Structures are given as C-alpha cells and as structure tokens.
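This report concerns only the one structure given below.
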Amino acid sequence: MRGSWWREGVFYQIYPRSFQDSNGDGVGDLAGITARLDHLNDGTPKSLGIDAVWLSPFYRSPMADFGYDVSDYRDVDPAFGNLAEFDRLLAEAHRRGIRIIVDLVPGHTSDQHPWFLAARSSRTDPKRDFYVWADPRRGGPPNNWRAVFKRVGSAWTLDEKTGQYYLHHFLPQQPDLNWRSDKVRGAIDEVMRFWLDRGVDGFRIDVASGLIRDERLRDNARFRILGRPRPRNWDLDEVHEIHRRWRKVLDSYEGDRMAVGEIGVRNLRRHVRYYGDDDELQLSFNFHFLEQPWTAERFRAVVEEWERLLPGHSWPDYTLSNHDRSRAVSRYGLERAGVAAVMLLTLRGTPFIYYGEEIGMTDVPIPPKLIVDIDGRDPERTPMQWDTSPNAGFTTGDPWLPLAADHAKRNVAAQHDDPASLLSLYRRLNWLRKSSPALRRGSYRTIPAPVGVFAFAREADGERVLVALNFTKSPQLVSLGSGDAKVALSTDHTRDAEPLALERVELRSDEGIVVAPT
C-alpha cells in the first residue's frame with residue numbers, strides 16, 4: 001500500500017550537532033549518527049525499532065541559526081562531514097530498514113548564500129527578485145511586520161548599498177526568499193531533486209505555512225478583535241499551490257517519497273487544508289497537541305477535534321518535543337514520561353520521537369556565558385547522553401553545549417538492561433506496535449472514562465486493542481467494555497500479560513496500559 005511506511009512507522013528526530021561526535025571536536029556529525037544507528041534499529045527488540053529518521057539541517061551554513069541559515073543547499077557543512085559521509089549514513093540506515101528524511105528550508109537562505117550576495121549587489125541584478133525588497137516608508141521599514149524572534153524586532157533590514165529594505169521573518173542573516181518568483185520555485189525544485197536523486201525518502205519542510213506574503217506588503221492589523229483578521233504574512237491561500245507543486249515532485253519518484261510540514265497554524269480547520277485533496281502534504285505537525293497542559297481531558301479534546309476535522313484520505317501525526325520546544329519531561333515531569341510515551345505510540349497517527357526522549361532527557365540550564373541561541377532554545381538541544389563517561393559518550397572533546405548534571409545516571413547504557421527503565425518501555429512499545437495491525441493502522445474510538453483518564457480503542461484486521469492512560473497520581477477504576485483480557489503492556493512492566501476483566505480495570509498512579517481482549 002502506498003503511504004504505508006510513513007503512516008505505520010515511528011519517526012525519530014536527530015539534531016545532528018547533539019547526537020554523536022565522531023572526531024572529538026565537540027560537535028555531533030553524520031559519521032557519529034551512522035555509528036549509533038543500531039541504537040535506533042538493529043532488527044531486534046534490543047533496539048528502539050525506529051522506522052524513519054528526520055535529520056535537522058546539516059547543510060553548509062554560517063550557523064547564525066545553527067543550519068537554518070543555509071549558504072549551500074547541495075553540500076554538507078564541514079562541521080558535520082561531507083557528501084560521501086551522508087551517502088554512507090543513508091546507505092547504512094536503509095540497510096537497517098530505516099528511512100531518512102531531511103530538513104528542507106525553503107523560506108529563507110543565509111545572507112551568505114550566493115543568491116543573496118548577488119541580489120544585494122545591485123537593484124538590477126538577475127537574482128534581485130529571489131528575495132523581497134521594498135522602499136522605506138516614512139523613513140523606516142516598509143510595514144509593521146515583526147520577526148518571529150522577539151529580540152530581532154522588525155522583519156525588515158535596510159541594505160545601505162541599494163537603499164531598500166529586505167524582508168526576514170527570522171534573523172537579519174536569514175533573508176526571505178520571494179515565493180512569488182518562478183525562478184525561486186524552480187530553484188527549490190532542483191534542490192529537492194538533488195536530495196531525492198541521492199535516495200532520501202522525503203522532507204520535513206521548515207515554516208511550511210509561511211512562504212507567501214501579501215503582495216502589496218500591507219500592515220498587519222494592530223488589534224485582533226471581532227473577526228480576528230489573519231496576518232498578511234502567514235498562512236495565505238496561495239501557499240497551497242506551492243505544496244501541490246512539491247507533491248508532484250515527490251510523486252514523480254519511485255519509493256513512496258513524502259513530506260511532513262511545520263505548519264504554524266493554530267486554527268485546526270485551516271491547518272487540515274495543508275493535506276489538500278490528497279495532493280499536498282502527507283503529514284502536518286499538530287503543535288496544538290504538544291502545547292496542552294497535563295490533563296486527560298485536554299489531550300483527548302485535541303485528538304477528537306483532529307479526528308473530526310481530518311479528511312478521510314489524511315493521516316494524523318503526533319509529537320511531544322522537538323528542537324524548538326522545551327522537552328516533554330521538563331514540562332510534565334519524569335513520573336509522567338511513561339504515560340506520555342504510551343499515548344504517543346498508541347494513538348492513531350504517526351509518532352515523532354525527539355532524540356533523548358526515550359531516556360527522559362530534560363532541558364539543561366545554560367550559564368549565560370555559554371548561551372549560543374538567540375531564541376533561548378539551547379536547553380532542549382544539549383548532547384545525547386549515551387553512557388557514564390565524563391562527556392556521556394557524546395564526545396572525547398569539549399561538548400558544544402553543557403550536559404545535564406544527571407547524565408551519569410540518566411543515559412542509554414544505564415537504562416539498556418533495566419526492564420523498569422523508560423528506554424525499555426519505549427522499546428517494548430515500538431516492538432508491540434510493529435506486531436499490531438490495530439496500533440499501526442487501526443481506527444480510533446474514544447472510550448468514556450472517569451475524570452483524569454484518557455481511554456480509547458484501536459481496531460484493524462479483526463484485532464482490537466484498548467488503551468487507558470491515568471493522568472493522575474491517584475489509582476483509577478475504568479470500564480473498557482466486557483469480557484476477559486490481558487495486559488499487553490503497562491508502564492509498570494510487572495503487569496505485562498496480567499489477566500483482567502474489562503468491566504473493572506484498575507489503573508495505578510501515573511500508569512498507562514495497553515489491553516488485548518481475549
């Protein structure tokens with residue numbers, strides 16, 4: 001079935017700078033990722049059983065925004081290795097049954113990209129319309145648009161040489177590409193084809209809802225009341241024709257290539273439009289899910305709304321952490337990490353796991369003198385914790401960001417053989433999922449449950465699986481139907497295979513269980 005691998009598989013996000021350093025310079029690299037692939041999937045339940053990896057940017061870059069300011073879309077930054085090492089990583093991943101998707105950064109380039117260097121050289125340069133330029137207004141920026149990074153302020157910077165402002169919705173070192181230009185569209189098509197020709201399985205598309213801007217560059221409304229006018233620089237209807245174009249590029253390749261988009265749209269009715277008529281994105285990140293407080297009712301409401309709004313051809317996906325967000329364990333607490341894992345890996349949809357989530361990594365306080373990110377995202381990007389060695393097995397040098405104070409206790413090696421560890425739970429969940437048609441591709445149905453409990457059923461190919469998640473610190477009693485059953489998996493591994501009656505299922509404090517009727 002076309003689309004089965006990205007629908008049924010489990011994705012794992014790797015931030016390359018922080019996963020594994022192979023040469024002792026303190027920065028993670030592609031060769032280091034290759035060396036750690038067996039942790040992700042060695043074909044046995046001793047590994048996580050990951051099906052696909054999303055690699056955050058590794059392209060040539062001045063690193064003003066750590067790779068999201070691209071100076072060459074078709075090369076590897078020397079900090080991460082070279083194209084030959086990328087090809088080896090791809091081949092070794094594929095040999096293990098792991099797909100690879102790479103970050104596509106189409107909204108902006110580095111100000112050191114040859115396109116922008118040419119564009120700012122003269123108002124008449126052929127590359128000038130690759131970017132968005134405008135004359136000053138009343139001696140200042142052309143309009144009131146603001147950059148995403150609050151410390152940046154205006155989304156416009158004056159280019160003294162040519163006397164015009166250029167648009168940048170992130171850092172001034174990240175000028176926005178002009179997606180009203182056919183030349184830009186053709187150039188990014190070729191970037192996609194470069195990586196698809198090398199064998200990548202798809203893309204995570206950065207800022208996928210923020211490519212097209214108001215053609216007249218009109219101000220955004222200063223106050224959003226009564227009707228809540230949408231901003232004129234995000235989520236414009238014309239962006240969908242770009243996604244339809246990209247889908248045609250992907251579909252022109254064999255091997256079921258795909259894309260998942262970073263959609264910064266909180267209105268879920270508008271959000272689901274990015275699936276199109278099965279001719280735009282295959283997956284679209286639902287950030288509304290990871291923004292919820294720790295209550296069963298709030299998570300259930302988001303899932304039910306998503307299920308209600310998604311077109312029949314579409315497929316949901318879920319994640320609880322990424323490189324731009326505080327880690328889930330820091331937001332919710334380590335004692336809840338097990339329930340979070342069971343929820344993430346049993347809902348209908350494709351789960352995305354952020355590196356280190358499987359061992360309960362937390363945000364790391366960064367001393368002021370060591371802060372490197374302008375938007376305060378260093379705490380969730382610290383090095384992976386592999387073992388008890390001084391630098392947690394990440395590097396033999398000085399790590400680019402500090403390690404967590406508890407890394408000697410919270411690491412892969414310490415948890416690997418402990419059946420009660422979070423790592424063991426993630427492994428059990430992933431391999432259970434692989435064996436269960438209901439969990440991989442089944443339907444979803446909410447089961448009524450007491451306050452503080454989120455329960456649901458998954459069904460496919462004659463298999464029915466029931467899930468109950470206790471979001472509270474008190475024992476709970478829930479009815480999941482009638483008849484006999486057994487615990488297929490619990491956050492408390494000692495309950496695995498325990499017989500029970502569906503009419504009266506006892507949940508312990510902070511427990512999640514997967515139940516198989518017999």
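Computed from a predicted model, the values in this text were never measured in an experiment.
Residues Glu238 and Arg180 are paired through a salt bridge, judged by an N-O separation under 4.0 Å between the basic side chain and the carboxylate. Salt bridge absent: Asp214 and Arg230 never bring a charged side-chain N and a carboxylate O closer than 4.0 Å. Using a cut-off of 4.0 Å between Lys/Arg side-chain N and Asp/Glu carboxylate O, Asp324 and Arg381 are scored as salt-bridged. With respect to the salt-bridge test (charged N to carboxylate O, under 4.0 angstrom), the residues Arg204 and Glu262 qualify. The pair Asp135-Arg123 meets the salt-bridge criterion, with a side-chain N (NZ, NE, NH1 or NH2) lying under 4.0 Å from an Asp/Glu carboxylate O. With respect to the salt-bridge test (charged N to carboxylate O, under 4.0 angstrom), the residues Arg247 and Asp278 qualify.
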Starting from the C-alpha separation in whole Å, work towards a yes-or-no answer on ring-ring contact (aromatic ring centres under 6.0 Å, His included) for Trp195 and Tyr59.
-> CA-CA 12 Å; Trp195 293 104; Tyr59 315 114; 5.7 Å; yes

Arg244 and Asp277: CA distance, side-chain angles, deciding distance, salt bridge (Lys or Arg N to Asp or Glu O under 4.0 Å) verdict | CA-CA 9 Å; Arg244 288 191 290 271; Asp277 186 19; over 6 Å; no

Arg377 and Asp65: CA distance, side-chain angles, deciding distance, salt bridge (Lys or Arg N to Asp or Glu O under 4.0 Å) verdict | CA-CA 11 Å; Arg377 297 166 295 181; Asp65 191 18; 2.8 Å; yes

Can you check side-chain hydrogen bond (donor to acceptor under 3.5 Å, both in side chains) on Asp159 and Thr162, steps first, answer last?
-> CA-CA 6 Å; Asp159 180 60; Thr162 60; 2.6 Å; yes

Stepwise ring-ring contact (aromatic ring centres under 6.0 Å, His included) check, Phe66 with Tyr15 = CA-CA 10 Å; Phe66 294 101; Tyr15 193 68; 7.6 Å; no

Would you check, one step at a time, whether the test ring-ring contact (aromatic ring centres under 6.0 Å, His included) holds for Phe116 with Trp133?
-> CA-CA 12 Å; Phe116 190 70; Trp133 300 87; 5.8 Å; yes

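When all heavy atoms of Pro172 and Pro175 are compared, the closest pair comes out as O-CD, 4.1 Å. In this structure, Ala93 and Leu37 approach most closely via the heavy-atom pair N-CD1, 3.6 Å. Closest heavy-atom contact between Ser284 and Tyr275: N-OH, 3.4 Å. Across all non-hydrogen atoms, the minimal contact from Arg257 to Leu196 is NH1-O, 3.0 Å. What you find for Arg146 and Gly153 is that their closest heavy atoms are NH2-CA, 3.3 Å.
Listed for the Asp29 side chain is no donor-acceptor partner under 3.5 Å among the backbone atoms of Gly81. One N or O on the side chain of Asp77 and one on the backbone of Ser61 form a donor-acceptor pair closer than 3.5 Å. Using modelled atom types, one side-chain atom of Asn143 and one backbone atom of Trp145 make a donor-acceptor pair closer than 3.5 Å. A donor-acceptor contact shorter than 3.5 Å is absent between the side chain of Trp115 and the backbone of Leu177. A donor-acceptor distance shorter than 3.5 angstrom exists from the side chain of Asp219 to the backbone of Asn144, with no hydrogens or angles considered. Not a single donor-acceptor pair under 3.5 Å links the side chain of Asp201 to the backbone N or O of Ile101. Side chain of His271 to backbone of Phe285: a donor-acceptor contact under 3.5 angstrom is found. Under the 3.5 Å distance criterion, the side-chain polar atoms of His108 are matched with a main-chain donor or acceptor of Tyr68. Judged purely by atom type and a 3.5 angstrom limit, Asn391 has no side-chain atom pairing as donor or acceptor with the backbone of Phe394. At distances below 3.5 Å, at least one donor-acceptor pair connects side-chain atoms of Trp179 with backbone N or O atoms of Pro106.
At most 12 heavy atoms of other shown residues, nucleotides or ligands fall within 6.0 angstrom of atom CZ in Arg88. Within 6.0 Å of CG in Asp398 there are 12 or fewer heavy atoms belonging to other residues, nucleotides or ligands.
Using the six-membered ring where Trp is involved, His243 and Trp246 have ring planes that are perpendicular, over 60° apart on the 30 and 60° scheme. A perpendicular orientation is assigned to the rings of Phe299 and Phe289, their planes being inclined by more than 60° (bins at 30° and 60°).
When only modelled atom types and interatomic distance are considered, Asp235 and Tyr274 share a side-chain donor-acceptor pair under 3.5 Å.
The side-chain tip of Arg213 points at the ring of Trp234 from less than 6.0 angstrom away and within 45° of straight on. Annotation: cation-pi geometry not satisfied between Arg99 and Trp6 (NZ/CZ under 6.0 angstrom from ring centroid, within 45° of ring axis). Relative to the six-membered ring of Tyr355, Arg36 misses at least one condition, a distance below 6.0 Å or an angle of at most 45° to the axis.
One finds the CG atom of Leu309 at 5.0 Å from the CZ atom of Arg269 (value rounded to the nearest 0.5 Å). Taking CD1 of Ile242 as the start and CD1 of Ile212 as the end, the distance is 4.0 Å to the nearest 0.5 Å. Here Glu357 contributes atom CD and Leu320 contributes atom CG; the two are 6.0 Å apart, rounded to the nearest 0.5 Å. For the atom pair CG of Asp373 and NE2 of His323, the computed distance is 9.5 Å after rounding to the nearest 0.5 Å.
For Trp54 and Phe11, the ring centers sit 6.0 Å or farther from each other. Ring to ring, Phe194 and Tyr73 are not that close: their centroids are 6.0 angstrom or more apart.
Checked against side-chain contact (heavy atoms from CB on, under 4.5 Å), Glu358 has the following partners two or more places apart in sequence or in another chain: Tyr12, His39, Leu48, Ile353, Met384, Leu423, Tyr426. Residues meeting the side-chain contact (heavy atoms from CB on, under 4.5 Å) test with Pro351, sequence neighbours left out: Val10, Leu344, Leu345, Arg433.
For the salt bridge (charged side-chain N to carboxylate O under 4.0 Å, His left out) condition, no pair includes a residue of residues 11-27, sequence neighbours left out.
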